[in-house]
Structures are given as C-alpha cells and as structure tokens.
Q: 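This structure is in structure tokens; I'll ask about it shortly.
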Amino acid sequence: MQRFYFAKTVSNSKRFPVMCGKIVLVMKMKLNDIKTGQTVRIIEVGGEGALRQHFLDMGVIPGAQVTLIKFAPMGDPMELRIHGYELTLRLADAAKISVEQIIEEKKTEIKKTERKAASHPGLGEEGKYHPKGSGNPLPEDEVLTFALVGNQNSGKTTLFNQLTGSNQHVGNFPGVTVDRKDGVIRGNAKTLITDLPGIYSMSPYSSEELVSRNFVLNEKPKAIINIVDVTNIDRNLYLTMQLLEMNVPMVVALNMMDEMSGNGGAVDINRMEEMLGVPVVPISAAKNEGVDELVSHAIHIAKYQERPVYHDFCENNAEGGAVHRCIHAVIHLIEDHAQRAGLPVRFAASKIIEGDQLILDQLKLDQNEQEMLEHIVLQMEKERGLDRSAAMAEMRFRYIYKVTDNCVTRPEKSKESIRSEKIDAFLTGKYTAIPLFIVIMGLVFYLTFGLIGPFLQDLMAAGIDKLKTLTEAAMQSAGVNQILRDLVVKGLFEGVGSVLSFLPIIVTMFLFLSLLEDSGYIARVAFVMDKLLRRIGLSGRSIVPMLIGFGCTVPAVMSTRTLPSARDRKMTILLTPFMSCTAKLPIYGFFVNAFFPGQSWWIITSLYLLSIAVGILMALVFKNTLFKGEAVPFVMELPNYRMPSLRNVMQLMWEKSKDFLQRAFSVILIATIVVWFLQSFDFRLNYLSDPHGSILATVAGLFAPLMAPLGMNDWRIVTSLVSGFMAKESVVATMELLFTPQGVAASLSAVTAASMLVFSLLYTPCVAAIASIKRELGAKWALLVVLWQCVIAWICAFVVKLIGG
Ligand code: GDP
Ligand code: MG
C-alpha cells in the first residue's frame, strides 16, 4: 500500500554527542566569540527561565555542535547551524552559552546506502496492530476529534488546508489571541480537526505552547496528528517525544518527503514505526501525496483508540542511567496524584522534573512528596552532571538520534538548502540585505497602494456608486421619504462604501504578505532588522506590521497575528497607529496647500518624522512600564526558502477579507449610522439638510472649549475631526462643507492650521482600525487607544501652538 520512499538504512555513525570523525578539544569560550564558519560544541547553557528552556527545546543542549554561518548586517543577531537547521540567536543570549572549539581531523564519509522499496503494513491498520474483527471501536456516531500539532514551518497550514479544503472555521482560543482553526476532514463527516499553533515543545513558557498542551490535556482530542518536517527531523522529533508522553492515540505525518527523496535521502518507515511505537506516514502536503493514507491511519487509531505502544525513552544505561532512574522514581511517586488530576503520568513526571510549576500545582503533592521529588531530582543532577532541564532535553535528543541513525538516510546536502544559501547571500548579505529589504517593501507598497489596490478600489467604488444611483432612483420613484432615502444613500452607501474601500488594500496586502511569509522571507527580515527594533524593546518581526502601518493601520494590526510572542504582538499593535497612514495624506495636502503653499516637501516629511518619533517615545514608555521585564526569546528558525502554495495564499486572503467584512458590517456599520444620525438631526429630531445645529454640532460645541488652547475652539473643527473618526479622508470634505461660504483658508490662522495638522496626524485611528484593535486586544484596549492617542495629539498640537505663538 505504500508508494514511495523506503530504505534499508546502514548508517551507524555515532552522531550523538559527537558528529563524526575524530575530534580534538582545544579551548573553552562563549558562543558569541566564535568566528564565521567555525564549528564548536556546546558544553553549558546558561541563562534562566523561559529563554533557557526555549534554547534547550530548540536543540541548543550540551553536547550539540554548532557552526556559525553569519552575523546579521548590523552585527547582531547571529545565524547558526545546529542539528542540521538554521537558528538565529542574539549575541547577548549567545554570551550565556559556553562552547569548546573542535578541530575535525578527518571527516567520515557519508555512506551511500542501498535503498529498496518495502511494503508498509504499518501500525494503525486493521489486521496488524489488533486482529481483524477484534478491537473495541468507538461508537459509529461519535465525532472523531483530532489535534494537528507540529513545529512552525513544518507545513501545518498546508496540510490543514489539504485535509479540510475550504471547510474551515477560524476563531480564537479562549483568553488569548492565538488563532484556532477547526475543520472537517474532507469525505469524513464525523471528524473535526483543530489546527494548534506551531510550537517546538510542550513547555509552559509561551501562550502558544500552553494553548496546545491544554488543548490536548483538557479537550481530550481522540487523536493527535503530529506533523514532522522530515528535512529537519531531529528538531521536529523533539516535540514528538513530548507528545508521545501524553499517551493519546497519535500518528506521525512525515512531511516534505518530496524534498527528502528528491535529494536522495530516505526513511525506513517500518523501522521508525517500531522505534516510536506509533504509525508513521510519509506525506507531501504541498503535493497532496500520502494524505489519504494519513487520513485512514488517523481515523483508525482514533476509532480504536490505539495509544502509543510505549513512551519509555529514557535509556537505563545511558550516561549511568541517572535520568532514567529519576523519571521512573518520580512516576511511582506521583502515580496516584496524576490519576486523580487526570494527567498522563509520564508527561506529568517529565514536566515536574523540568520544574513546571503549573503541573506541580495540579498534582497537589503534599510536603513530604514535594521534598522527595526535590531530592530525587537533585540526586539525578548530581549523578548526571547536568541540570534538570538540560538533562531531560539531552535524554530526548539521545533517543531521537538513535531513531534517526537507525531509520534515516540523510542526503548529503539538499538542493533546497543550497538554494537557500545562495539566495541568502543577497537577502541577508552584509551590504545587500537592507537595500533589498527596502526595494522589496517598496515594491509591495507600490503595488498595494499605488497600483493594484487603487485599481480594485476604483472598480469597487464604481460598482457601489452604480448601486447607489439605482437604489436612489428606485426609492425616489417609489416615493420613499427623504429621511429614509438619506439614511440609505448618505449613511449606508457612503459609510459602508468608505469602509469597503479598505477591502482591496487588505486583499492585496495579504497576498504579498503571505507570499513573503510562506516563502521564508519574513523570518529573514526579522533576522536583519532585529538589532534596530530591539532598542525599542521589540524584536525584528515587528518591523513588517509597523511598515504596513504607513499604508493602512487595518492590515497592519491584522498582520501582527504572525508575531510569535503575545507581548510583542500587543506592543506592536499599540504602536502601529503612530505610523501615519495614507488616508491622512489628503489632510496634509489640503492644509499645506491652503496655508503653506510651496512648502509641502519639508512639512510632510517632518510630520512623518514626528509620528515616528512619538511612536519611538511611546515604545520606550511601554518598554519601561506596561511591558517591563519580560524576556523576549528571540531564538528563531530560518527555514529553507520554499515555494508558497497557492492554496494557502488564497485561503489567507479569504480569511482576512471575511474577518474584515464581518467587522465592517457590525461595529463599523453601526458607528457609521450613529454618526450619520447625529449629523442629520437636531435635539428635537428635526431632519436637517446640513450639519449646522445638528446634535453633533451642539455636542461638538460643548467639546470645542477643550480645543481652545490649540486655537481650535470651533465646533466645525471638532465636527470634522469626529467625521474623521469614520474615515480620515472625510475630515477635509466636512471642513469644506462647514466652512462655506468664507472657506477654511480665510477662517483659520496659519498656527491653528499647523496645530490642526499635528492633531490629525496623531489623534485616534479611524473606526476600522479601532475595530481591528478591538478584535486583537479587546474593547478595553481599543478604548484606551482612542483616548490616549487623543491626549497625545492634544499635547503635541499644544506644543506647536505654543511655539507658533
Ligand atoms: P506552517 O508554518 O507549519 O503552517 O507551514 P506552511 O504550511 O505555511 O508551510 C511552509 C512552507 O512549506 C510553505 O511555503 C509551503 O508551501 C511549504 N510546504 C509545505 N508542505 C510541503 C511539502 O510537503 N513539500 C514542499 N516541498 N514544501 C512544502
Ligand atoms: Mg502556518
């Protein structure tokens, strides 16, 4: 039944802890001191907490070998190769890692292995794992729930889209802004698969990791589909080892097999199944190969609840067996507690040995037991000569290397990684990276805001206009009353029309963003820009949403979804509104033309610089207040460049548009109608033909004195600013309307115009942006953003007024 990729593996090199060949030790130093191209071995991983755990989970463990590939163009961070993949690390973090130099005297040749096809009567198939007709299947009508778990960039999204087609539901995990996608597996109505966030481990240190493990522990899916990138198998199996401990029926999907076999590598699937004790199915998600077989295995193990055959991966003779004895002692110690808490005992034991407070609390050990636990672990640390976290990570990698040595024939060097190296010579090159980044972003901007976006916008505006004229004519001939007609025409069509004009921008922006993200370029951007953003307390990843903010805040906020840390996501969202969006340009143009003709160049440049400066200032404030102290692990993988899949790109564009439209037709529509109402009626509910005397004007009049220190004690200005909340473009139109007949230029002084410019630059983002912020951070934060942006705008405008006299 198996079609491709089999091997008889004869590899027997001792890959762990020494790669190959004879090795001579030279000297001890810190990882940040090594030279480009140098290979060293890690002897100690310093640091503490989340960051250190993250290092270990990514394979930065004592004994592992690392090669320095390059430094980022600004000198920091560094790109390393470890366990056959590329990892980036900040120098300050690298300084906590001690390494020793190694000189390879002789390289062992990679043995060419003879491959032959073999059938794959795998686990999780009826007739093999349990005799045909026996077994205890779940009832027919029970929905088989699956969790899809895997590393980032392992092809999870691609597989999920293959499995479910367009039948997906996107939501949030409760309490966190981590995307949750559910879908029904095609052709299997009684299934539900949930795409969990891309993670490297089941540690409790990031919200993604917590979400994933709580999902498995609490929502109890019937089975796990663990997707593993076979071209990066060592690190990917690290997560697999932890999933196995959870004792949930599981199938491993070995993805990217097309690349693996294309490069002459192979996997002995049958042997791997034996060693892991779960079904292993080779697939290529992008090419839709092996996916059907994966589904049939997954459904089988879920239906018959076939759990992993074993999960005892600590070898009793490895390094004196200290870790093995420790784990088993702890298992016996907590068995009853784990049962009561409903936790898989092996998983709970590993986690509390690693020092996981959450699991420890759940177990409710009494004082004696806690002390016993501590003694057991201390004894292990003493015998093993490594601390608890490192010892556990090393134990897992030890088994992983045993599995891969036995089952995997690695290609010498893959075409994809050679290609990536060549591309990276430019895209992360010392002198070329930043210019190319500017060119690429410039192109994306030009296409989105200069070419495709406006074209689609015009098309849509024309359509809406047509519809509007038709409706108006129809209502007129039907004798519909004036107020209702205006509500539909001015409120609905114009309001919704202006909101819908965002849609083409969102679609186009996400087209390019998903191309950049899926190809692997965004990770490079983060690598190149990290040093710059770190100064303001963020990591390189945040540069992209912030840049998009100069185009439009809505897609900028939406694009923060891809940021790996919740803290960074929040902070970036709060900063993007400070990047002056294109919708504000008409305001600048209008005022500069009216008041400062011929000086537009420097005025508009200064406005942009001012908004960036205020943004940086805010970032520094945030860094030292709201987001103080939290370490931001910037330990990131640089995946090989890959061809983005059309289906993923389309799916993302569709999701983002749907998401935006849902908001457009709820929050934004209501806000539009409310403003229309306030503008069109007075307090006695008389319908007005222009906003003089309207409720809005009256209320604006009450607020106008607040603006007096800015020289803007005028209800017409306040009214225009409120209409700018709907869409920034309408500030100018409203002002022109309200200041007839004498005209804006004749009514305001140059200083007032200047402070008005600064105020409109910085005050609250438009309702569409606020709606996106609310979606990501909740109503409280959205309201806060409105308020503090207004306060900041007020202060800056006041300063301008003071200077101007
Ligand atoms: P995720 O981060 O785990 O969701 O990974 P994605 O699904 O976004 O995939 C990352 C990249 O790998 C995309 O460019 C995919 O097109 C590509 N990809 C996914 N599966 C395969 C595969 O089986 N073979 C190849 N060659 N590329 C793949
Ligand atoms: Mg993805």
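In listed order, ligands and their atoms are each counted from 1. Starting from 1, each residue takes its place in the sequence as its number.
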Q: Determine whether the side chain, the backbone, both or neither of Met256 has a heavy atom under 4.0 Å from any heavy atom of ligand 1.
A: both

Q: Between the side chains of Glu259 and Arg410, is the shortest nitrogen-to-carboxylate-oxygen separation below 4.0 Å, so that they form an ion pair?
A: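 Salt bridge flag = no for Glu259 with Arg410.
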
Q: Would you mind running through ligand 1 and noting each atom that sits below 4.0 Å from a heavy atom of Asn648?
A: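 Every atom of ligand 1 under 4.0 Å from some heavy atom of Asn648: 7 (O).
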
Q: Output the list of atoms in ligand 1 that are nearer than 4.0 Å to some heavy atom of Ser284, sorted by atom number.
A: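 Near Ser284, meaning under 4.0 Å from one of its heavy atoms, ligand 1 has 22 (C), 23 (O), 24 (N).
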
Q: Are any of the N/O atoms in Ser519 less than 3.5 Å from those in ligand 1?
A: no

Q: Pick whichever of Leu159, Thr157, Asp195, Leu148 has a heavy atom sitting closest to atom 4 (O) of ligand 1.
A: Thr157

Q: If the threshold is 4.0 Å, N to carboxylate O, is there a salt bridge linking Glu517 and Arg561?
A: no

Q: Mark up the atoms of ligand 1 that fall under 4.0 Å of a heavy atom belonging to Thr158, in ascending order.
A: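 Contacts of ligand 1 toward Thr158, numbered from 1: 6 (P), 7 (O), 9 (O), 15 (C), 19 (C).
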
Q: Under 4.0 Å from a heavy atom of Asp518: give me the atoms of ligand 1 that qualify, with their elements.
A: 8 (O), 11 (C), 13 (C), 14 (O)

Q: Does Lys413, at its NZ atom, have more than 12 non-hydrogen atoms belonging to other residues, nucleotides or ligands within less than 6.0 Å?
A: yes

Q: Using modelled atom types and a 3.5 Å cut-off, is there a donor and acceptor pairing between side-chain atoms of Asn236 and backbone atoms of Asn232?
A: yes

Q: May I ask you to check whether Ala285 has an N/O atom sitting below 3.5 Å from an N/O atom of ligand 1?
A: yes

Q: Please answer whether the main-chain N or O of Phe445 pairs with a side-chain N or O of Thr448 as donor and acceptor at a distance below 3.5 Å.
A: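 Checking the backbone N and O of Phe445 against the side chain of Thr448, no donor-acceptor pair under 3.5 Å is found.
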
Q: Is there a side-chain contact between Ile423 and Arg419, using heavy atoms and a 4.5 Å cut-off?
A: yes

Q: Has the side chain of Ser542 got a donor or acceptor atom that lies under 3.5 Å from a matching backbone atom of Leu538?
A: no

Q: Any cation-pi pair here, Arg524 with Tyr641, using under 6.0 Å and within 45°?
A: yes

Q: Can any side-chain N or O of Asn255 pair as donor or acceptor with the backbone N or O of Val228 at less than 3.5 Å?
A: no

Q: Going by distance only, is there an N or O of Met257 that falls short of 3.5 Å from an N or O of ligand 1?
A: no

Q: Could you tell me if any non-hydrogen atom of Ser154 lies under 4.0 Å from any atom of ligand 1?
A: yes

Q: Can you find a non-hydrogen atom of Gly198 under 4.0 Å from ligand 1?
A: no

Q: Closer than 3.5 angstrom, by distance alone: can the side chain of Gln168 be matched with the main-chain N or O of Asp182 as a donor-acceptor pair?
A: no

Q: Counting heavy atoms only, which of Ile227, Asn153, Asn161, Val230 is nearest atom 1 (P) of ligand 1?
A: Asn153

Q: Which of the numbered atoms in ligand 1 are under 4.0 angstrom from any heavy atom belonging to Asn151?
A: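 Those atoms are 3 (O).
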
Q: Does a side-chain heavy-atom distance below 4.5 Å link Val557 with Glu776?
A: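 Val557 vs Glu776: side chains touch.
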
Q: Using a 4.0 Å cut-off to any heavy atom of Asn255, which atoms of ligand 1 qualify?
A: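 Atoms satisfying the 4.0 Å criterion: 20 (N), 21 (C), 22 (C), 23 (O).
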
Q: State whether the shortest distance between N or O atoms of Lys287 and N or O atoms of ligand 1 falls below 3.5 angstrom.
A: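 Not met; the criterion fails.
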
Q: Evaluating non-hydrogen atoms only, which member of Met643, Glu289, Arg642, Arg647 is closest to atom 27 (N) of ligand 1?
A: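 Heavy atom nearest to atom 27 (N) of ligand 1 belongs to Arg642.
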
Q: Show which atoms of ligand 1 fall inside a sub-4.0 Å distance from at least one heavy-atom site of Asp258.
A: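 Contacts of ligand 1 toward Asp258, numbered from 1: 22 (C), 23 (O), 24 (N), 25 (C), 26 (N).
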
Q: Need the ligand 1 atom indices (1-based, order shown) with element for anything under 4.0 Å from a heavy-atom of Ser645.
A: 16 (O)

